[in-house]
Number of protein chains: 2
Amino acid sequence: MRIGELADRVGVSTRTLRHYESLGLLPGRRGSNGYRVYDDADVRAVREIRMLVGLGFALEETRPFVDCLRAGHERAGSCPDSLAVLRRKIAEVDESVDRLRRVRAELGDQLVEATHARCEFSLFSP
Amino acid sequence: MRIGELADRVGVSTRTLRHYESLGLLPGRRGSNGYRVYDDADVRAVREIRMLVGLGFALEETRPFVDCLRAGHERAGSCPDSLAVLRRKIAEVDESVDRLRRVRAELGDQLVEATHARCEFSLFSP
DNA sequence: CTAGACCTTGACGCCGACGTCAACGCCAGC
DNA sequence: GCTGGCGTTGACGTCGGCGTCAAGGTCTAG
């Protein structure tokens, strides 16, 4: 299949696919006319990338997963490098959640204080 | 005071302060020599900005708070526009936390599945 | 008088993940 | 043969929040 069909099948732009190729995430196979040629393995690779990106992975972080697939493994996350990235990402997400919860608490306090300020203001300056 | 002293007092670079001025967050008052001149109100404004940025606000989102201070209010969050941004930000953070918790769960599943895949692999291909 | 520590404006660089445009090649159907 | 719809490369634009020069002006201490 050519680039337009792959793009349609996974729901991304052709520009995106060319970008992935420029990063080495997709192969640069060409037909006799110079057009890029893709197969079902590439569809899987791009779906894997999009899934991971949707979970907050940077493109570079998806590389071990793509490589794992390309090495013939059934599951992209089953290779050591993928597992390492996966664990690191989980730790990052845990940290982000903790931080955001603290931020949330802080913002809640700010809102309460600001609201109090407005009440007092309205009491003394009606 | 001049820009260097303000920068030192709040712990940011002079470039940052000029950037804030270019956004209209800081005034462009000048002395007779063309140097920027700041006072204690500006120190407060920049501290407010940095606090909010530290909580995840974009610079544009700090504008209502800065304006509120400049309007003479004691608390930067006590003006209607500030309160609106504050509430919106709280909603955003709540959404982010929810989303990240789902992502966290999804990543945990992925890790479990990938680990299983490795175990089976090691069982059948020692 | 001069060094050097401050200040000024202007402009380009960076990061990530592409969007968008230009200018062209290839191929099918009419 | 010509139009239209695919494909190609190259390169610049976007967004945010500044960093980092470069080329100068200003002020103060020695």
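Here is how names work: the chains are called A, B, and so on, in the same order as the sequence lines, proteins then strands, and each is numbered from 1. The basis for the numbers below is simple: all heavy atoms, side chains too, and nothing from hydrogens, waters or symmetry mates.
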*Using a 4.5 Å cut-off on heavy atoms from C-beta on, say whether the side chain of B/Tyr38 contacts that of B/Val43.*
no
*Does the side chain of A/Cys68 reach to within under 4.5 Å of the side chain of A/Ser78, using non-hydrogen atoms?*
yes
Send over the distance from [X] [atom1] to [N] [atom2], rounded to a whole Å.
{"X": "B/Arg29", "N": "C/dC7", "atom1": "CZ", "atom2": "C1'", "answer": "17 Å"}
{"X": "A/Arg2", "N": "D/dG5", "atom1": "CZ", "atom2": "P", "answer": "14 Å"}
{"X": "B/Arg30", "N": "D/dG25", "atom1": "CZ", "atom2": "C1'", "answer": "13 Å"}
{"X": "B/Glu5", "N": "C/dC6", "atom1": "CD", "atom2": "P", "answer": "12 Å"}
{"X": "A/Tyr35", "N": "C/dC27", "atom1": "OH", "atom2": "P", "answer": "6 Å"}
{"X": "A/Leu23", "N": "C/dC18", "atom1": "CG", "atom2": "C1'", "answer": "10 Å"}

Ion pair check, [X] and [Y], cut-off under 4.0 Å:
{"X": "A/Asp39", "Y": "A/Arg44", "answer": "no"}
{"X": "A/Glu92", "Y": "A/Arg87", "answer": "no"}
{"X": "B/Arg18", "Y": "B/Glu21", "answer": "no"}
{"X": "B/Glu60", "Y": "B/Arg63", "answer": "yes"}

*Within a reach of under 6.0 Å around CZ of B/Arg88, are more than 12 heavy atoms found that belong to other residues, nucleotides or ligands?*
yes
*Candidates B/Leu59, B/Thr16, B/Val12, B/Leu69 - the one meeting side chain to side chain contact (heavy atoms under 4.5 Å, CB included) with B/Ile49*: B/Leu59
_Any residue in residues 9-22 of chain A with a heavy atom nearer than 4.0 angstrom to DNA chain C? Just list them by number, or reply none._
A/Ser13, A/Arg15, A/Thr16, A/His19, A/Tyr20
*Which residues, if any, of residues 37-61 of chain A bring a heavy atom under 4.0 Å of DNA chain C?*
A/Arg50, A/Ala58, A/Leu59
*For A/Leu111, does its backbone N or O pair with a side-chain atom of A/Thr115 as donor and acceptor, under 3.5 Å?*
yes
*Would one find a side-chain N or O of A/Arg36 under 4.0 angstrom from OP1 or OP2 of D/dG7?*
no
_Just N and O in the side chain of B/Asn33: are any of them under 4.0 Å from OP1 or OP2 of D/dC27?_
yes
